[in-house]
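Single-structure report; data block below.
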Amino acid sequence: MLEGGCSCGAVRYRLTSEPLFVHCCHCLNCQRQTGSAFVVNVLIEADRVEITMGEPQSVGVPRDNGSTQEILRCPTCEVALYSHYTYPAVAFVRAGTLDEPASVSPDVHIFTRSKLPWVALPEAVPSFEVYYDTGALWPAESLDRVRALPG
Ligand SMILES: [Zn+2]
Ligand SMILES: [Zn+2]
């Protein structure tokens with residue numbers, strides 16, 4: 001069971017199952033939002049992110065394509081814990097907030113067209129200039145889980 005939380009300890013969460021898939025995203029939105037080179041997102045059904053302490057606060061963050069991304073932050077220290085894109089039934093949990101970030105590793109690297117040139121990717125992990133076909137890459141069990149989600 002993966003657990004994590006913010007920097008001040010006011011918000012804690014637990015993931016109640018294995019992730020669906022793990023993204024390492026090198027897009028410019030993720031670089032700007034994190035102030036870093038990329039983000040590592042653990043994809044999991046939103047109802048499998050169990051908040052065990054505190055209450056994350058929703059912040060609407062503009063993206064370059066004109067859409068808004070909902071980022072859930074600790075109301076006190078404002079560390080970003082997870083986010084929702086267009087499909088709110090899936091949460092993107094920021095792997096750096098896990099108590100043991102090394103317990104997950106990327107299943108795919110995406111938006112490598114804006115990857116910083118000094119980041120070297122492992123050859124064994126699939127990578128894509130932009131996005132990819134989840135049906136071709138995700139394990140059957142994860143695809144079944146997503147099909148079971150509402151709307
Ligand atoms: Zn906090
Ligand atoms: Zn991104």
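Index from 1, following the sequence. Please read these numbers as outputs of a predicted model, since none were measured by experiment. First listed ligand is number 1; within each ligand, the first listed atom is number 1. Values below: all heavy atoms of this structure, side chains included; hydrogens, waters and symmetry mates excluded.
- Between the S83 side chain and the I71 main chain, no donor and acceptor come within less than 3.5 Å of each other.
- Around CD of E18, the count of heavy atoms belonging to other residues, nucleotides or ligands within 6.0 Å does not exceed 12.
- Judged by distance alone, the side chains of R145 and S17 do bring a donor and an acceptor atom under 3.5 Å apart.
- Around the Zn ion (ligand 1), the protein contributes the following N, O or S atoms at distances under 2.8 Å: C6 SG, C8 SG, C74 SG, C77 SG.
- Residues D133 and W138 fail the side-chain proximity criterion, which asks for heavy atoms closer than 4.5 Å.
- The pair E50-R14 meets the salt-bridge criterion, with a side-chain N (NZ, NE, NH1 or NH2) lying under 4.0 Å from an Asp/Glu carboxylate O.
- For Y132 and H23, the ring centers are positioned less than 6.0 Å apart.
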- Message: Walk me through whether R63 and Y85 qualify under side chain to side chain contact (heavy atoms under 4.5 Å, CB included).
- Response: CA-CA 10 Å; R63 308 180 77 224; Y85 293 84; 3.5 Å; yes
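- For the Zn ion (ligand 2), protein N, O or S atoms closer than 2.8 Å were enumerated as C25 SG, C27 SG, C30 SG, with waters left out.
- Not a single donor-acceptor pair under 3.5 Å links the side chain of Q33 to the backbone N or O of V61.
- For H26 and F38, the ring centers are positioned less than 6.0 Å apart.
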